[in-house]
Amino acid sequence: MFEGVQGVYRHNSTTLKCDMTFAVFMPSFLKDKQIPVLWFLSGLTCTHENAMLKAGAQKFAREHNIAVIFPDTSPRGTNIPDDDAYDLGQGAGFYLNATQSPWKENYKMWDYLVLELPSLIEKNFSVNTSKQSVMGHSMGGHGALLMALRLNNQFKSVSAFAPICNPMKSDWGRKQFSAYLGSDESLWENYDASVIAQKTNFSGPILIDTGSNDQFLNLLSVDSLSKVLKKRGLAANVRMNDGYDHSYYFIATFMEEHINFHAAALSKNLT
């Protein structure tokens with residue numbers, strides 16, 4: 001695909017205690033050359049496939065010789081706890097470490113994405129995960145912002161499409177945090193970008209795009225995060241795009257710009 005390879009891989013996750021699937025796009029490049037990494041975290045109900053198939057990232061990643069990783073959004077399997085609602089359980093991991101039953105045995109997506117999967121990727125692909133950026137959509141935008149802001153300068157840049165920005169104040173957050181983390185809201189703060197942004201030392205550029213016709217706009221609270229970023233003087237560009245909604249048509253429209261944004265940040269840190 002675009003002279004590169006779009007692969008889908010499966011492994012047994014010791015963190016999540018189940019088999020997990022992820023996708024990696026590797027551009028055609030010298031095999032002994034370690035290239036930068038761009039993570040794409042997907043939203044509610046999604047798997048590794050959604051962005052891989054619909055976002056149109058591969059062509060632009062190939063132009064910049066960047067590997068793109070598409071993880072799944074939660075643990076999977078017949079023995080993994082689930083819920084009848086689309087926004088809890090499988091497909092709705094919220095990129096956190098659950099502490100409450102029945103979720104706590106498997107729902108450790110934070111540790112999986114921060115520790116286990118990067119190590120696996122670096123061992124099996126010609127990449128350098130010390131040169132990486134992160135992006136995401138909706139719940140995945142929430143995850144991308146958390147990873148960049150909490151881990152400070154581990155990522156060179158972060159971008160998000162229609163991210164959940166203040167989950168402690170949203171129905172897309174309070175429900176899940178109550179289930180996964182319990183009633184102590186002080187524990188929720190570790191997973192709320194609007195809270196983390198108040199104390200982060202992240203110095204990379206931030207790009208956030210949302211559509212004015214997003215049907216979930218009231219659940220995202222982008223303005224809450226935007227105010228904190230502006231107050232802190234962080235390098236953030238928060239944009240409202242007239243007429244766009246929450247779909248992958250919106251994402252595909254701005255994907256080239258987002259990958260160019262990350263490529264510029266990554267190129268400043270390449271040796």
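Note that the coordinates shown come from a computational prediction; the quantities given were computed from them, not determined experimentally.
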Main-chain N/O of Met52 paired with Gln58 side-chain donor or acceptor, under 3.5 Å:
yes
Set of residues satisfying side chain to side chain contact (heavy atoms under 4.5 Å, CB included) with respect to Tyr249, sequence neighbours excluded
Ser247
With a 4.5 Å cut-off on side-chain heavy atoms, are Leu225 and Ile208 touching?
yes
If hydrophobic clusters are built by linking Ile, Leu, Val, Met, Phe, Trp and Tyr wherever their side-chain heavy atoms come under 4.5 Å apart, do Val195 and Trp188 end up in the same one?
yes
I want to check something: taking the side chain as every heavy atom from C-beta on, are Leu220 and Asp214 in contact at a cut-off of under 4.5 Å?
yes
Stacked cation flag Arg232 on Phe202, 6.0 angstrom / 45 deg:
no
Can a donor-acceptor pair be found, under 3.5 Å and without considering hydrogens, that links the side chain of Tyr107 to the backbone of Gln90?
yes
Kindly indicate whether the side chain of Lys104, heavy atoms from C-beta on, has any atom under 4.5 Å from the side chain of Asn97.
no
Do side-chain atoms of Glu122 reach the backbone of Ser119 as a donor and acceptor pair under 3.5 angstrom?
no
Taking all non-hydrogen atoms of both residues into account, name the closest pair between Gly243 and Ser212 and its distance.
N-OG, 2.7 Å
Any heavy-atom pair between the side chains of His64 and His262 that's under 4.5 Å?
no
Does any N or O in the side chain of Arg174 come within less than 3.5 Å of the main-chain N or O of Met168, such that one atom is a donor and the other an acceptor?
yes
If you measure only the distance, is there a donor-acceptor pair under 3.5 Å linking the side chains of Thr15 and Glu116?
yes
Phe250-Met135 co-clustered via ILVMFWY side chain contacts under 4.5 Å:
yes
Could you report the tightest heavy-atom contact between Ile35 and Ile66, atom names first, then the distance?
CD1-C, 4.2 Å
Should Tyr95 and Met139 be marked as a side chain to side chain contact (heavy atoms under 4.5 Å, CB included) after you check the CA-CA gap, both sets of side-chain angles, and the distance that decides it?
CA-CA 8 Å; Tyr95 303 104; Met139 180 185 74; 3.9 Å; yes
Rounded to the nearest 0.5 Å, what separation is found between the OG1 atom of Thr14 and the OH atom of Tyr112?
10.0 Å
Any side-chain donor paired with an acceptor under 3.5 Å for Gln34 and Ser126?
no
Under 6.0 Å from the CG atom of Asn237, do we count more than 12 heavy atoms belonging to anything else shown?
yes
Determine yes or no for a side-chain-to-main-chain donor-acceptor pair under 3.5 angstrom, with Asn124 supplying the side chain and Leu120 the backbone.
yes
Ionic contact status for Lys199 with Glu189, cut-off 4.0 Å
no
For Gln132 and Gln154, run side chain to side chain contact (heavy atoms under 4.5 Å, CB included): C-alpha distance rounded to whole Å, both residues' side-chain angles, the deciding distance at 0.1 Å, then the answer.
CA-CA 8 Å; Gln132 60 182 343; Gln154 187 167 319; 3.7 Å; yes
Of His137, Arg239, Glu257, which meets side-chain contact (heavy atoms from CB on, under 4.5 Å) against Asp209?
Arg239
Does NZ in Lys175 sit with more than 12 non-hydrogen atoms of other residues, nucleotides or ligands closer than 6.0 Å?
yes
Check the surroundings of atom CG in Asp242: do more than 12 heavy atoms from other residues, nucleotides or ligands lie under 6.0 Å from it?
no
Spatial distance of atom CG (Leu217) from atom CG (Asp245) [nearest 0.5 Å]:
11.5 Å
How long is the gap from OG on Ser170 to CZ on Phe177, to the nearest 0.5 Å?
9.5 Å
Tyr9 OH to His48 NE2 distance, which is reported to the nearest 0.5 Å:
11.0 Å
Ignoring hydrogens and angles, tell me if any N or O in the side chain of Lys108 forms a donor-acceptor pair with the backbone of Leu96 under 3.5 Å.
no
Does one side chain, of Asn153 or Asn201, offer a donor that lies under 3.5 Å from an acceptor on the other?
no
Between Asn106 and Pro81, what is the shortest heavy-atom contact and its length?
OD1-CD, 3.4 Å
Flag yes if Val228 and Met240 sit in one hydrophobic cluster, no otherwise; membership is Ile, Leu, Val, Met, Phe, Trp, Tyr, and two members link when side-chain heavy atoms are under 4.5 Å apart.
no
Verify the neighbour count for atom CG of Asn79: are there more than 12 heavy atoms of other residues, nucleotides or ligands below 6.0 Å?
no
Grab the two heavy atoms, one from Arg150 and one from Ile196, that are nearest each other, plus how far apart they are.
CG-CG2, 3.7 Å
Would you say Tyr244 and Asn213 make side-chain contact, with heavy atoms under 4.5 Å?
no
Could you report the tightest heavy-atom contact between Cys165 and Asp192, atom names first, then the distance?
O-OD1, 3.4 Å
Heavy-atom side-chain proximity of Arg76 to Asp19 below 4.5 angstrom:
no
Leu207: which other cluster members, linking ILVMFWY side chains closer than 4.5 Å, directly or transitively?
Phe261
Applying the side-chain contact (heavy atoms from CB on, under 4.5 Å) criterion to Ile69, which one of Leu38, Val37, Val134 satisfies it?
Val37
For the residue pair Pro163 and Leu145, what are the closest heavy atoms and their distance?
CB-CD1, 3.8 Å
Would you say Val5 and Val8 are hydrophobically clustered, going by side-chain heavy atoms of ILVMFWY under 4.5 Å?
no
Under 3.5 Å, side chain of Ser74 to main-chain N/O of Gly93, donor-acceptor pair present?
no
Side chain to side chain contact (heavy atoms under 4.5 Å, CB included) between Leu181 and Asn190, worked out
CA-CA 11 Å; Leu181 302 173; Asn190 286 328; over 6 Å; no
Where does the angle between the aromatic ring planes of Phe94 and His142 fall among parallel (under 30°), tilted (30 to 60°) and perpendicular (over 60°)?
tilted
For the CZ atom of Phe22 and the CE atom of Met20, what is their distance to the nearest 0.5 Å?
10.0 Å
Is the Phe161 ring parallel, tilted or perpendicular to the His258 ring (thresholds 30°, 60°)?
parallel
With a 4.5 Å heavy-atom cut-off, do Val127 and Pro36 have their side chains touching?
no
Asn166 and Val222: side chain to side chain contact (heavy atoms under 4.5 Å, CB included), yes or no, with the steps?
CA-CA 7 Å; Asn166 195 189; Val222 177; over 6 Å; no
Atom pair CD1/OG of Ile164 and Ser194 - distance to nearest 0.5 Å
11.5 Å
With a 4.5 Å heavy-atom cut-off, do Leu187 and Tyr180 have their side chains touching?
no
